[in-house]
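Structure, as structure tokens:
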Amino acid sequence: MSAQEGTIDWAAIQRIILPSPDQPDTVSLYVDAGTASGVRLRENDEFARTPKLLEDKLHLSSSESREAHFEDLLSRHSMRVRSGEQISFGTYFNAFPASYWRRWTSVREIRLVVRTRGTGTVTVYKSNARGSVQRVDGRHVDGDSTSAFELTLKPFGDGGWYWFDLAASSGDLVLEEGQWEAEGISRPSGQVTLQITTMNKPDFCLNNARILADNPEVLRNVKEILIVDQGTQKVQDQGDFAAVSASLDGKLRIINQANLGGSGGFARGMYESIENGSDYVLLLDDDIVVEPESIIRLLTFADYCRKPTIVGGHMFDLYNRSVLHTFGEVVDPFRIVPASPHADMETRHDFSVSNLRQTPWLHRRVDVDYNGWWMCLIPTAVIKEIGLSLPLFIKWDDAEYGLRAREAGYATVSLPGAAVWHVSWIDKDDLVGWQAYFHARNRLITTLIHSPYPKGGRVLRESVQADVKHLVSMQYFTEHGRIEALKDLFKGPDVLHQVLGTKLPEINALKSSYPDAQLKDDVDDFPAPKIGRGPMGGIVVGMPSKKELIPWGIKTVARQLIKTPGPESSERPQGYLAHRDNRWYRVAHYDSVVVSNAEGTGASWYQRDPKKLKSMLAEATVLHAKLFREWDKLAHQYRSAVAEISSFDAWKKTFEANSKDGN
């Protein structure tokens, strides 16, 4: 409040933004053609809670869907609404996530300010947690107008958004700019170190650096842009690096270090943010395209939070840019796996098919356990108290950190309206191949540290099941990695820093011993399949039911152990399988088959080997039995070591031992 006038000193907390000219496929994330009365939800709680069919998930009143005119987007903050048409800003990037501000900040009153030119109307709407739409206020505008609406956040306890629509009358109506405001905070805005960990993706890194340079307002509170380069294709060796660096006014710094994985790169960002006196570190993956306004929104929200809070952005599909990967992530405590926070939330939601106003579940606030480190803002106050990332190389470092922060009393918020575009998980299969080692080991480490259940709940049983699935699928290289993970688990937490830079080369050195690990570019590089339709006469094999699963597994393992594959199976495969058909319950029926990888860049030849199956199954069983017996001792050992292995001193020694340029 102003001391003299007794009025609120309003400060912008979220600006209206529009897509850049090179991203016409993202328009639906910014503007939505049609009125709220023409495209609105039926207020049916049952459909909102338990949608079954596509029409139930949308469940719309009749409406005529229209595309916004891309040529009417005049700038990043201005657009034209044509005469007689209506545009809604009830969209992912421009609606105001009222329930998140209500839950995590002290803000209770906000203001929407809209500057327009022309004749028409500005109408404000809100929704509740069920997705029901309500008109709040409206103004007729004419000529150069500024419309201000004071709004309360009090009714948004469980969910809901604010947004506004523009309708042009006899002439065009131009949005000059719009923003959501709150009472300004008394302290200065926090300073952030923006950190990217990269491994041989210099083009992505430089592209994001250009995006930041083209949006200088984003850099106002950025103390430093830090790229931790762990690859052989160096960012600073690229031809246009000098020009890009110069455009960032000296804020860009490169640190070259050995490949310590994502955890080593992000831990370096955490470390440097403390060293340079930042209030926050913003961790970014390398293979992303950032929406630059998201940086301002994360920082602003974090500044307003009642206490230090980890604030993350969402992830959209880089190659299908209107598709959201997930709206929030939690860890199932009984299984220690990422899971959707509630039953009616969808993964891979396409906003071009069903936008915010048309999708009830998007209006419920989603509270999370962690946010992926594709985009995650962490207060340095949190880092000082709970430490840096665990030295896990890759996988589970972000989830473990979120769980550790929560146990220390620090929440994580996945903030709608802040996001990056990232390569989709659909185009990856990181449970097979060299990454299987890190998945298996780090999931078990996370379970040992954080599971509230005896013996880790269901994790050990699922680990055994995964071994059987990989073995009957002839994925022997993958299983070798999983067995090594179990062995290394017993070595204790003290070796994690020691093997951080050496374990991946050790795993990759094993590839030559396993045909299933040897990738070739073209299926024609393999011998042609023998004549026939493969096992089961070409019948599509489905997954066994829960009732049949154990008998099926025993029968399948017994068959693979007893029945010797014919000599021709090592000479010619029985067929080809596309990656989407590479399922354990199908592959298990083959003796020899060529399988393509998730990226579509090559294929491998799986060949059944009963001796490998027998020895690996026996070894995995013995190791799991030992783990079951020693679980409590190991859990105590790992929990006791967290503070030390995540400490600044431990990481400093690792950075010094793996420096590539004296940093």
Side-chain angles (χ1 to χ4, degrees), residues 198-204 230-233 259 261-262 285-287 318-319 393-395 422-441 466-467 469-485 502-530 534-535 560 565 568-609 611-613 616:
T198 188
M199 174 69 178
N200 293 338
K201 293 186 176 68
D203 49 345
F204 273 103
Q230 302 185 142
T232 55
Q233 302 171 31
N259 183 16
D285 216 339
D286 56 352
D287 53 347
L318 182 62
Y319 301 123
F393 194 77
I394 60 168
K395 307 302 175 187
H422 187 284
V423 175
S424 168
W425 306 144
I426 285 181
D427 298 320
K428 300 180 179 181
D429 188 356
D430 50 16
L431 293 176
V432 175
W434 64 268
Q435 296 183 74
Y437 168 89
F438 297 102
H439 255 301
R441 187 197 64 176
D467 288 333
K469 291 176 181 178
H470 288 302
L471 284 170
V472 300
S473 300
M474 301 172 284
Q475 294 167 346
Y476 303 120
F477 172 66
T478 295
E479 183 57 24
H480 190 139
R482 289 179 54 83
I483 289 172
E484 289 299 311
T502 61
K503 182 53 65 174
L504 178 58
E506 289 176 14
I507 295 171
N508 281 332
L510 301 170
K511 287 183 176 180
S512 60
S513 301
Y514 295 96
D516 55 286
Q518 298 170 32
L519 192 70
K520 295 187 177 182
D521 293 340
D522 199 305
V523 293
D524 289 336
D525 294 332
F526 300 99
K530 63 180 181 179
Q560 290 205 5
E568 71 279 1
S569 65
S570 62
E571 300 171 0
R572 300 171 68 181
Q574 291 174 290
Y576 300 135
L577 281 179
H579 177 262
R580 64 177 298 172
D581 297 320
N582 183 11
R583 302 293 182 263
W584 53 271
Y585 48 85
R586 291 178 184 161
V587 182
H589 294 282
Y590 286 86
D591 288 337
S592 175
V593 63
V594 173
V595 181
S596 60
N597 65 353
E599 295 85 353
T601 57
S604 299
W605 188 359
Y606 291 8
Q607 300 177 38
R608 188 163 69 84
D609 188 332
K611 291 182 179 179
K612 282 190 173 68
L613 170 61
M616 288 183 166

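Count residues from 1 along the sequence. Keep in mind the model is a prediction, meaning the values are calculated, not measured.
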Exercise. What residues, two or more places apart in sequence or in another chain, satisfy side chain to side chain donor-acceptor pair (under 3.5 Å) together with Trp605?
Worked result: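 Side chain to side chain donor-acceptor pair (under 3.5 Å) check on Trp605 returns Ser592.
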Any residue meeting ring pair (Phe, Tyr, Trp, His ring centres under 6.0 Å) with [X], in chain and number order, not counting sequence neighbours:
X: Trp584; result: Trp552
X: Tyr606; result: none
X: His470; result: none

How far does [atom1] of [X] sit from [atom2] of [Y], to the nearest 0.5 angstrom?
X: Phe477; Y: Tyr437; atom1: CZ; atom2: OH; answer: 12.5 Å
X: Ile483; Y: Thr478; atom1: CD1; atom2: OG1; answer: 11.0 Å
X: Ser473; Y: Arg586; atom1: OG; atom2: CZ; answer: 12.0 Å
X: Met199; Y: Asp285; atom1: CE; atom2: CG; answer: 13.0 Å

Please report the closest heavy-atom contact between [X] and [Y], naming both atoms and the distance.
X: Val593; Y: Pro573; result: CA-CB, 4.1 Å
X: Ala528; Y: Tyr576; result: CA-OH, 4.3 Å
X: Leu519; Y: Ala603; result: CD1-N, 3.3 Å

Problem set entry | Residue pair Leu577, Val587: steps toward the side chain to side chain contact (heavy atoms under 4.5 Å, CB included) verdict | CA-CA 8 Å; Leu577 281 179; Val587 182; 3.9 Å; yes
Only counting residues at least two apart or in another chain, list the ones meeting side-chain contact (heavy atoms from CB on, under 4.5 Å) with [X].
X: Asp203; value: Lys201
X: Arg572; value: Pro527, Lys530
X: Asp522; value: Asp524, Asp525
X: Ile394; value: Trp434, Gln435, Phe438

Using the salt bridge (Lys or Arg N to Asp or Glu O under 4.0 Å) criterion, which residues pair with [X]? Sequence neighbours excluded.
X: Lys503; value: Asp488, Glu506
X: Glu599; value: none
X: Asp591; value: Arg608

Do any N or O atoms from the side chain of [X] and from the backbone of [Y] form a donor-acceptor pair under 3.5 angstrom?
X: Gln560; Y: Val472; answer: yes
X: Ser604; Y: Ala517; answer: no
X: Asn597; Y: Thr601; answer: yes
X: Ser569; Y: Pro565; answer: no
X: Asp516; Y: Tyr476; answer: yes

For this session: Report the C-alpha distance between Asp430 and His439 in whole Å, list the side-chain angles of each, state the deciding distance to 0.1 Å, and finish with yes or no for side-chain hydrogen bond (donor to acceptor under 3.5 Å, both in side chains).
Result: CA-CA 8 Å; Asp430 50 16; His439 255 301; 3.2 Å; yes
Exercise. For residues 470-485, which residue pairs qualify under salt bridge (Lys or Arg N to Asp or Glu O under 4.0 Å), counting only residues two or more places apart or in two chains?
Worked result: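 Of all non-adjacent pairs touching residues 470-485, those that pass salt bridge (Lys or Arg N to Asp or Glu O under 4.0 Å) are Asp467-Arg482, Glu479-Arg482, Glu484-Lys487.
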Exercise. Do Met474 and Gln607 touch side chain to side chain, with heavy atoms closer than 4.5 Å?
Worked result: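 Heavy-atom side-chain distance check fails, nothing below 4.5 Å.
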For this session: Might you work through the side chain to side chain contact (heavy atoms under 4.5 Å, CB included) test for Phe204 and Thr198, ending with a clear yes or no?
Result: CA-CA 9 Å; Phe204 273 103; Thr198 188; over 6 Å; no
Exercise. Judged by modelled atom types alone, do His422 and Asp287 share a side-chain donor-acceptor pair under 3.5 Å?
Worked result: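 The criterion, which ignores hydrogens and geometry beyond distance, is satisfied for Asp287 and His422.
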For this session: May I have the step-by-step check of side chain to side chain contact (heavy atoms under 4.5 Å, CB included) for Asn200 and Asp286, ending in yes or no?
Result: CA-CA 9 Å; Asn200 293 338; Asp286 56 352; over 6 Å; no
